[in-house]
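Both backbone and side-chain heavy atoms feed into the values below; hydrogens, waters and symmetry mates do not. Computed from a predicted structure; not experimentally measured.
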Amino acid sequence: MPQVLIVEDDDKIRTSLVRALTDHGHAVSSAHTAMSGLRQAVEDRPDVVVLDLGLPDLDGREVLRMLRAVSRVPVIVATARDDEEEIVRVLDAGADDYLIKPFGAAQLEARIRAVLRRATEQEASPSLVIGDLTVTPRAREAVLAGVTLDLSPREFDLLHYLAARHGEVVTKRDLLTDVWRVPYGGADKTVDVHLSWLRRKLGETAQQPRYLHTVRGVGVKLVDPGR
Ligand code: CA
């Protein structure tokens, strides 16, 4: 039975979500401030956290950053803001998925199932070795020539996604859909920015690529530079 922590300051929303998820067999705990939510996330070790971005005591992205510093628990953010840039920023800050308010319990349950499935898949997926690069999803760790790379959650996901498809061209659309889980266009710049950060951390440039090769007008591919 998956344990769900709901962090939401609106009493009506929190109560109805807790009731609906409990009725569907989840073990549910809840918090109405960011600080109590963070404490419960650490102490109770839930399987998934549903985090309202509009909390009274801390900005949602700040909460995510603090949570990500201590935990890899899957986080679904709930936001009233249907603003693509804000959603992308939140996903970049380490959220796994998002829901735009108002949403129903059935929709939330579907997202919970999806993030839990992805987390389980990642736990089970093997390390990938491409040249001097080793990507270990279980530990969320990437090592290049013996040096552990300092990657943000999104950079790790991006690298893992490309490494799992090494030698294949991946489009920006694929990356947005599968890594950011943004179902619409217009956020290409985010992909470009993250690819350039990743390049820098891999110690290469777009002009002199080793692992990450841009395929103009199509996308990007990760290759073994020694082959
Ligand atoms: Ca709120």
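Between Val77 and Leu99 there is no side-chain heavy-atom pair separated by less than 4.5 Å. Between Tyr161 and Leu175, the closest side-chain pair of non-hydrogen atoms falls below 4.5 Å. Within the 4.5 Å cutoff, the side chain of Leu38 has no heavy atoms near those of the Val7 side chain. Using a 4.5 Å heavy-atom cutoff, the side chains of Val223 and Lys221 are in contact. With contacts defined as side-chain heavy-atom distances shorter than 4.5 Å, the pair Asp132/Asp224 does not qualify.
The closest donor-acceptor contact from the side chain of His194 to the backbone of Thr190 lies under 3.5 Å. Using modelled atom types, no side-chain atom of Ser71 and backbone atom of Arg68 make a donor-acceptor pair closer than 3.5 Å. In this structure, the side chain of His166 does not engage the main chain of Leu162 through any donor-acceptor pair within 3.5 Å. Using a distance-only test at 3.5 Å, with no hydrogens or angles considered, a donor-acceptor pair links the side chain of Asp57 to the main chain of Ala34. Judged purely by atom type and a 3.5 angstrom limit, Arg154 uses its side chain to pair as donor or acceptor with the backbone of Val179.
Under 3.5 Å, the side chains of Thr171 and Asp174 contain a donor-acceptor pair of N or O atoms. In summary, the side chains of Arg45 and Gln3 do not present any donor paired with an acceptor at a separation below 3.5 Å, with no hydrogens or angles considered. Side chains of Ser152 and Arg65: no donor on one and acceptor on the other come within 3.5 Å. Side-chain contact, Asp92 with Trp180: a donor N or O sits under 3.5 Å from an acceptor N or O.
Put simply, the residue from Arg138, Arg72, His160 that forms a side chain to side chain contact (heavy atoms under 4.5 Å, CB included) with Gln122 is His160. Checking each of Val75, Val73, Val49, Leu51 against Leu5 for a side chain to side chain contact (heavy atoms under 4.5 Å, CB included) leaves exactly one that passes, namely Val49. Here the options are Leu144, Leu198, Leu159, the test is side chain to side chain contact (heavy atoms under 4.5 Å, CB included), and the partner is Tyr211; only Leu144 passes.
Put simply, Val220 and Val169 are part of two different groups of oily side chains (I, L, V, M, F, W, Y) that touch within less than 4.5 Å, one to the next. When the side chains of ILVMFWY residues are joined at heavy-atom separations under 4.5 Å, either directly or via intervening members, Leu58 and Leu55 end up in a single hydrophobic cluster.
Ion pairing between a basic and an acidic side chain is recognised when a charged N comes within 4.0 Å of a carboxylate O; Asp47 and Arg113 show no such pairing. Residues Arg140 and Asp157 are paired through a salt bridge, judged by an N-O separation under 4.0 Å between the basic side chain and the carboxylate. Electrostatic pairing of Arg200 and Glu155 does not count as a salt bridge here, judged by no charged N lying under 4.0 Å from a carboxylate O.
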* To do: Take Arg199 and Thr214 through the side chain to side chain donor-acceptor pair (under 3.5 Å) test and state the conclusion after the steps.
  => CA-CA 11 Å; Arg199 260 201 188 98; Thr214 301; 2.8 Å; yes
* **salt bridge (charged side-chain N to carboxylate O under 4.0 Å, His left out) assessment of Lys101 paired with Glu8** => CA-CA 12 Å; Lys101 289 177 173 181; Glu8 167 66 68; 3.0 Å; yes
* To do: List the steps and the verdict of salt bridge (charged side-chain N to carboxylate O under 4.0 Å, His left out) for Lys172 and Asp192.
  => CA-CA 8 Å; Lys172 286 183 198 170; Asp192 289 335; 2.9 Å; yes
* Start with the C-alpha gap between Ile87 and Ile100, add the side-chain angles, then the distance that decides, and say whether side-chain contact (heavy atoms from CB on, under 4.5 Å) holds. => CA-CA 9 Å; Ile87 288 166; Ile100 292 164; 3.9 Å; yes
* Give the C-alpha distance, both sets of side-chain angles, the deciding distance and a yes or no for salt bridge (charged side-chain N to carboxylate O under 4.0 Å, His left out) between Asp59 and Arg89. => CA-CA 13 Å; Asp59 174 71; Arg89 275 197 291 271; over 6 Å; no
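Within 6.0 Å of atom CD in Gln107, more than 12 heavy atoms from other residues, nucleotides or ligands are found, so the atom counts as buried in its surroundings. The 12-atom threshold is exceeded at NE2 of His213, counting heavy atoms of other residues, nucleotides or ligands nearer than 6.0 Å.
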